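The block underneath contains the structure these notes are about, expressed in structure tokens.
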Protein chains: 2
Amino acid sequence: MKRDVMADRGAQNTPTSGESLLFLTDEQLRRGIEAMFFAYRGFTADPDRILENYAYGRAHHRAIHFINRSPGTTVNNLLAILGVTKQSLNRVLRTLVQDGLVDSRVGTRDKRERHLYLTEAGVNLERELSEAQRVRMRAAYRAAGPEAVSGFRTVLEQMMDPELKHHYIATTECTK
Amino acid sequence: MKRDVMADRGAQNTPTSGESLLFLTDEQLRRGIEAMFFAYRGFTADPDRILENYAYGRAHHRAIHFINRSPGTTVNNLLAILGVTKQSLNRVLRTLVQDGLVDSRVGTRDKRERHLYLTEAGVNLERELSEAQRVRMRAAYRAAGPEAVSGFRTVLEQMMDPELKHHYIATTECTK
DNA sequence: AGCTTATGTCAGCCTTGTTGACTTTCCAAG
DNA sequence: CTTGGAAAGTCAACAAGGCTGACATAAGCT
């Protein structure tokens, strides 16, 4: 029983590697998997607490974040980034517009499109949320140091789905 | 108002640092935040696809993972790790026991406790799920290299809630 | 004997995801 | 100019998986 597990642990290192790839053992990978799990919990904990006061959820936070990141983005663009259905996103956007946090303006060039902007109230909530998140991220970065941060981002980028990666990359590459 | 944002961006580097803390700019932090968002999506994508075939969700995956990690764990211990209510966990465990993936045995020392074990079928599903996740993690690790992996784990550990961190640490420290 | 703990369960609610069907608006190609 | 299709919005229904509150049972502890 227990020995099966240990057998797995011992057999995963294919003979292709000598011993320089100890960081690729199944045990190391499992540690990484759990690190992602626990860290993501911490990562979302602060915004979640704040959102409770506004009767909003993570879905609202995501919308607010990406509208703030690229003001004037269209609904379709947001759909591609968030990877949810338009019905799901629309429900969130509707409440945000109703509550006066998001401004939805009909496109000038293509009037079918709606361009999304944060209102002043929206900007305020975005700042409250992202500042809480930045506080934690800043503490983690500071404690870990620049080299660790570089490695952190490198691994995370490798973990992204290639089709979704450009949403992350595009942020600083092309201002467009 | 808008100037506050710019003021923030400019002022976030406290004078305590000269210029060695460029990795702590708000822009760098935002990149880190989005990296977490997109990477977590990739991180869960493969298991999610597999779970659809079994009509299970992420909640089942989490339970299976941690029961596999520490066989014989109690319900209360699992509750502490997962951070959900017992009703929520119980709903998941019930289906897993009914479906013959998890074995729930009354404790010998304390008969109030239930000790949880994966059945053979449970082990098989766990392996299918974790192998998919390991494939992605392994690829990311391999592409990023050992130093990056070290930094990755360091930052993630810093990001965890201190009260939850021991669930991660305890994994390899004490076999108990 | 009585309090506490561990677990399970029922009922109901919320958020956030899904699908399917339908409408309106409007660009663009025939 | 008309029509096809894309973009967006809406309604309805449903499911997963969180939550709370209340309650039951069994078992350990004092």
Side-chain angles (χ1 to χ4, degrees), chain A residues 37 40-41 44-45 47-67 72-99 102-117, chain B residues 37 40-41 44-45 47-67 72-99 102-117:
Chain A
F37 171 73
Y40 199 78
R41 287 261 297 276
T44 55
D48 284 354
R49 259 190 297 275
I50 293 170
L51 289 159
E52 278 181 13
N53 307 330
Y54 298 86
Y56 288 147
R58 242 178 247 183
H60 301 85
H61 183 191
R62 289 194 281 262
I64 288 174
H65 173 94
F66 285 105
I67 294 173
T73 185
T74 64
V75 173
N76 247 5
N77 186 31
L78 216 47
L79 282 178
I81 291 176
L82 297 177
V84 298
T85 59
K86 64 175 177 175
Q87 293 91 332
S88 212
L89 175 58
N90 200 258
R91 178 170 39 199
V92 167
L93 285 179
R94 202 187 316 151
T95 70
L96 290 175
V97 169
Q98 281 172 357
D99 296 353
V102 167
D103 196 8
S104 171
R105 304 181 201 158
V106 172
T108 53
R109 222 185 41 197
D110 185 338
K111 294 177 190 166
R112 291 169 303 180
E113 297 178 340
R114 307 300 149 98
H115 297 271
L116 304 169
Y117 301 87
Chain B
F37 171 73
Y40 199 77
R41 288 261 298 275
T44 55
D48 284 354
R49 258 189 298 275
I50 293 170
L51 288 159
E52 276 180 15
N53 307 330
Y54 298 87
Y56 288 147
R58 240 176 248 183
H60 302 84
H61 183 191
R62 289 195 281 262
I64 288 173
H65 172 94
F66 285 104
I67 293 173
T73 185
T74 64
V75 173
N76 247 3
N77 186 31
L78 215 48
L79 282 177
I81 291 176
L82 298 176
V84 297
T85 59
K86 65 172 179 174
Q87 293 91 330
S88 218
L89 175 58
N90 200 258
R91 179 170 38 198
V92 167
L93 284 180
R94 204 187 315 152
T95 70
L96 290 176
V97 169
Q98 281 171 357
D99 296 354
V102 168
D103 196 6
S104 171
R105 303 181 202 160
V106 172
T108 52
R109 223 185 38 199
D110 185 338
K111 293 178 190 166
R112 291 171 304 179
E113 296 178 339
R114 308 298 151 96
H115 297 271
L116 304 169
Y117 300 86

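So you know, we letter chains A, B, ... as the sequences are listed, proteins then strands, and number each from 1. Any value given below was found using the heavy atoms of this structure, including those in side chains, with hydrogens, waters and symmetry copies removed. Quantities reported herein were computed from a predicted structural model and do not represent experimental measurements.
Atom C1' of nucleotide D:dA6 and atom CG of A:N77 are separated by 16 Å, given to the nearest angstrom. Here D:dA8 presents its C1' atom at 9 Å from CZ of A:R112, a figure rounded to the nearest Å. Rounded to whole Å, the distance from CG on A:D110 to C1' on D:dA8 is 10 Å.
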Which atom pairs, donor and acceptor, lie under 3.5 Å between side-chain atoms of residues 110-117 of chain B and protein residues at least two apart or in another chain?
| from | atom 1 | to | atom 2 | distance (Å) |
| --- | --- | --- | --- | --- |
| B:D110 | OD1 | B:R112 | N | 2.9 |
| B:D110 | OD1 | B:R112 | NE | 3.1 |
| B:D110 | OD2 | B:R112 | NE | 3.4 |
| B:D110 | OD2 | B:R112 | NH2 | 2.8 |
| B:H115 | ND1 | B:G72 | O | 2.7 |

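Rounded to the nearest 0.5 Å, atoms NZ (B:K86) and CG (B:L93) are 13.0 Å apart. Distance CD1/B:I67 to CG/B:L78: 5.5 Å, rounded to 0.5 Å. From B:N77, atom CG reaches atom CG of B:L82 across 9.0 Å, with rounding to the nearest 0.5 Å. Note that the CG atom of B:N76 and the CD1 atom of B:I81 stand 11.0 Å from one another [nearest 0.5 Å].
Rounded to 10°, the angle separating the first-five-pair axis and the last-five-pair axis of the helix from C:dA1-D:dT30 to C:dG30-D:dC1 equals 20°.
Chain B approaches DNA chain C within less than 4.0 angstrom (heavy atoms of the protein), and the contacting nucleotides run 5' to 3' from C:dT5 to C:dC10.
Of the options A:R58, A:R49, A:H61, a side chain to side chain contact (heavy atoms under 4.5 Å, CB included) to A:T44 is made by A:R58 and by none of the others.
Close to D:dT10, at under 4.0 Å from its OP1 or OP2, lies a side-chain N or O of A:N90.
Evaluation of atom-type donor-acceptor distances gives no pair under 3.5 Å for the side chain of A:R114 against the base of D:dA8.
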Between protein and nucleotides 13-20 of chain D, map the contacts as a letter string: B base, S sugar-phosphate only, - none, heavy atoms under 4.0 Å, written 5' to 3'. ----BBSB

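In this structure A:R109 satisfies the salt bridge (Lys or Arg N to Asp or Glu O under 4.0 Å) test with no other residue, sequence neighbours excluded.
Residue pairs that meet the side-chain hydrogen bond (donor to acceptor under 3.5 Å, both in side chains) test with at least one member in residues 87-99 of chain A, sequence neighbours left out, are A:Y56-A:D99, A:H60-A:T95.
Across all their heavy atoms, B:G57 and B:L51 have their closest contact at O-CD1, 3.5 Å.
A:F37 and B:F66 have tilted rings, their planes meeting at an angle from 30° to 60° on a 0 to 90° scale.
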